[in-house]
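This report concerns only the one structure given below.
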Amino acid sequence: MEKICAWCGKLLDESVPASEHQNWVTHGICPDCAFHLKAQIGIPLPDYLEGLDLPVLLVDGDGRVRSANQPARQLLKKPLPAIEGRLGGDVFECVHARLPEGCGHTIHCSGCTIRRTVTETLNTGQPRQRVPATLDQSLSDDTSGKVSQRIRFLISTQKIGELVLLSVEDVSRA
């Protein structure tokens, strides 16, 4: 018998092997979905964010980061005061955000996967899972002569009220 999460469909366990004539499926809830469900019924948002294992940022409709959990702060190598209220491109140190027009206003921003995915989730309410994204990150303090490095990662989004939960995973630097 297979046991799957009724919310996300993830396989929970295979405690009883299926017979040749029966393939029963029963439903439960995985720990991640249980945590999300608890968040929807009243866990304070900062506690909810800190309970997530992946790097997660909370982004508003203007593209400003409202909060970030500990794994996100570690990934970004920044304390929360250096993240809160800043535009996403500034938080991630996107090379295009440093142009005179700033984050969200350059010709490059219309093609930004992070910006498009967050905006789509905010406008439609539809979550997105493991969307491939790249970012050219500024290395202004690097003495190697390089001015940027390309970062590849996967992002997922989920709408929570008027904000979007942006999770980042599988980060690799090229």
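Just so it is clear, the structure is predicted and the values come from calculations on it, not from any experiment.
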Evaluate the criterion side chain to side chain donor-acceptor pair (under 3.5 Å) for residue pair S172 and R152; output intermediate values, then yes/no.
CA-CA 5 Å; S172 65; R152 291 180 175 84; 5.7 Å; no
Evaluate side-chain contact (heavy atoms from CB on, under 4.5 Å) for V59 paired with L163, printing each intermediate quantity in order.
CA-CA 6 Å; V59 184; L163 302 170; over 6 Å; no
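Of the N and O atoms on the side chains of R98 and S138, at least one donor lies less than 3.5 Å from an acceptor on the other residue.
T117 contributes no side-chain N or O that, together with a main-chain N or O of I114, makes up a donor-acceptor pair within less than 3.5 Å. Remark: side-chain polar atoms of R115 are not paired, donor with acceptor, to backbone N or O of G111 under 3.5 angstrom. Judged by distance alone, the side chain of N69 and the main-chain N or O of L52 form a donor-acceptor pair under 3.5 Å. Put simply, the side chain of K159 never gets that close to the backbone of P127: no donor and acceptor are under 3.5 Å apart.
When every heavy atom of K78 is checked against every heavy atom of D90, the shortest pair comes out as NZ-O, 3.4 Å. Nearest heavy-atom pair, G88 versus V65, reported as atom, atom and distance to 0.1 Å: CA-CG2, 4.2 Å. Heavy-atom minimum distance, G102 versus C109: O-SG, 4.4 Å.
Using a 4.0 Å cut-off between charged nitrogen and carboxylate oxygen, E50 and R73 count as a salt-bridge pair.
Within the structure, every pair that satisfies the side-chain hydrogen bond (donor to acceptor under 3.5 Å, both in side chains) test and touches residues 54-68, not counting sequence neighbours, is listed here: D60-R66.
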Show me the donor-acceptor pairs within less than 3.5 Å that the side chains of residues 130-137 make with the rest of the protein, sequence neighbours left out.
residue, atom, partner, partner atom, Å
R130, NH1, E169, OE1, 2.5
R130, NH2, D170, OD2, 3.1
D136, OD1, R150, NE, 2.8
D136, OD1, R150, NH2, 3.1
D136, OD2, R150, NH2, 2.9
Q137, OE1, Q149, NE2, 3.0
Q137, NE2, F92, O, 3.2

